[in-house]
Protein chains: 2
Amino acid sequence: MTTDKNLIAAAMSLLDEGGEDAVTLRAVGHATGLSHNAPYKHFTNREALLAAVATSDFAALSDAFVAIRAARISPIKKLNNALKVVIDYSVQHPARYRLMFSDSGTAKEGGALEQEASIAFGEFIAIVKECQAERLLPDIPNNTLAGLLFATLHGLIAFQANGRMHPKKGLNGVLPSIELLITLLAPRPEL
Amino acid sequence: MTTDKNLIAAAMSLLDEGGEDAVTLRAVGHATGLSHNAPYKHFTNREALLAAVATSDFAALSDAFVAIRAARISPIKKLNNALKVVIDYSVQHPARYRLMFSDSGTAKEGGALEQEASIAFGEFIAIVKECQAERLLPDIPNNTLAGLLFATLHGLIAFQANGRMHPKKGLNGVLPSIELLITLLAPRPEL
DNA sequence: ACCTGAACACCGTTCAAGT
DNA sequence: ACCTGAACACCGTTCAAGT
């Protein structure tokens, strides 16, 4: 494996184990068996390394979406699985999820990150489109609907992660909430 | 004004001017005309000071919601105004908005922050309830619906702030998107 | 081309005093 | 009670060398 990949993998481990604060370039270097500033030979700075992590994770997310879309299951089931993939990821890798969706500094315009994020979102859009084709979701512009659904998903996940989603009565988990929304959006048949 | 308030106000200014990275306890102390570690005499650490900022901002948000709810306008207009208040806040004070809704470390269970956040959300819930009473929104549990709407609002704001909401066709602004959702959720009259 | 080691400026935090 | 100043450990980043 190339050193660049090793550094990214080390950063991922540190993110999973200790959160973003644990990702010091010194720790990344040492975890890779290199000196404290070896990362600078591969990434311009800390932010660039974190962006590379997010970029790699978006590529993995795209792969997961592609696999789901290719499965021989109903469109609504595909949408469900796609939502679950994102939710599970946010639970198992909270720091990396935050880097992908809740970070402001990481988003350089026109960079590889933005491109990979677009590809992943494009796959999600395609799944939503399949649902619309079967009239399981309203007939509004495809991108708009997909954006709304993904935004809701992210908002629910963020609320849960930040403890803003108290188990106060009525506030269910992320998956039940987003599924309820989908149910509510389902067009009722004309009489 | 008490020193505690001065420190919070200084932190707010720094957040608005330079983002979260600009809020060093040293800068906060100096901006208040005190020494580099004076903040430690009022807050246990940096995180506690930031939590105090978020707590104060949630109180202000509650006040805004209360004023909107007391206005002599239609429920749907109240909901619209409440959404606009949050959106405007996220645009004018992005770092402070993030502290309120996109921060993981700030949320200590049972603390003043959680309490103020609950009060603010309670006001939002009440506005949603008024809309439900007039059958402008679906007849599902009030808290659940309010949670869904607020989560969607936050998700849209986060996407916009992180540049994930490309002006790619179909992805409109935050307000149009959330208004579209509300339209879609509006119960169609039974025939 | 890739890596190391020293060095710099800056920060959060602690602690012993000051008034 | 409230504040200051010195000090510590740690970090991102830069730079001059090493191989």
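Values in this document were obtained by computation on a predicted structure and should not be read as measured data. Chain letters run A, B, ... following the sequence lines, proteins first, then strands; residues in each count from 1.
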Quick one: look up who dG18(D) pairs with, Watson-Crick or G-U, both distances under 3.5 Å, and put none if it's unpaired. dC2(C)

Rounded to whole angstrom units, what separation is found between the CG atom of Leu25(A) and the C1' atom of dT13(D)? 9 Å

Between P on dA7(C) and OH on Tyr40(A), what's the gap in Å once rounded to a whole number? 18 Å

Answer yes or no: does a side-chain N or O of Thr3(B) lie under 4.0 Å from OP1 or OP2 of dA1(D)? no

Return the value, rounded to whole Å, for the distance between atom CG of Leu49(A) and atom C1' of dG12(D). 13 Å

Run the ring-centre check on His154(A) versus Tyr97(A) and record whether the distance is less than 6.0 Å. yes

Nearest-Å distance, CG (Leu14(B)) to P (dC11(C))? 11 Å

Measure from the ring center of Phe65(B) to the ring center of Phe58(B) and say whether it is less than 6.0 Å. no

Identify, between Arg26(A) and Ala38(A), the residue whose nearest nucleotide on DNA chain C lies closer to the 5' end. Ala38(A)

Is it true that Tyr89(B) and His93(B) have ring centroids separated by less than 6.0 Å? yes

Could you tell me whether Val23(A) contacts a base, only the sugar-phosphate backbone, or nothing, with contacts defined as non-hydrogen atoms closer than 4.0 Å? sugar-phosphate

Measure CZ/Arg46(A) against C1'/dT14(D) and give the value in whole Å, please. 18 Å

In this structure, how many angstroms lie between the P atom of dT13(C) and the CG atom of Asp21(A), rounded? 11 Å

Under a 3.5 Å cut-off for both distances, is dG12(D) Watson-Crick or wobble paired, and to whom? dC8(C)

Rounded to the nearest angstrom, tell me the gap between atom CG in Leu50(B) and atom P in dT13(C). 10 Å

Among Thr3(A), Asp4(A), Thr2(A), which residue satisfies the side-chain hydrogen bond (donor to acceptor under 3.5 Å, both in side chains) criterion with His42(A)? Asp4(A)

Using whole Å, what does the distance between atom P of nucleotide dT4(D) and atom NE2 of His30(B) come to? 9 Å

Hey, does the side-chain of Asn37(B) have a donor or acceptor N/O within less than 3.5 Å of a partner on the base of dT14(C)? yes

Closer than 4.0 Å, any side-chain N/O of His36(A) to the OP1 or OP2 of dC10(D)? no

Lys84(A) vs Leu175(A), side-chain contact (heavy atoms from CB on, under 4.5 Å): CA-CA, chis, key distance, verdict: CA-CA 7 Å; Lys84(A) 268 188 221 157; Leu175(A) 190 58; 3.8 Å; yes

Residue Lys41(A), side-chain atoms from C-beta onward, closest of dA16(D), dT13(D), dC3(D): dA16(D)

Please pick, from dT4(D), dT13(D), dC11(C), the nucleotide with the shortest atom-to-atom distance to any side-chain atom of Ser35(B). dT4(D)

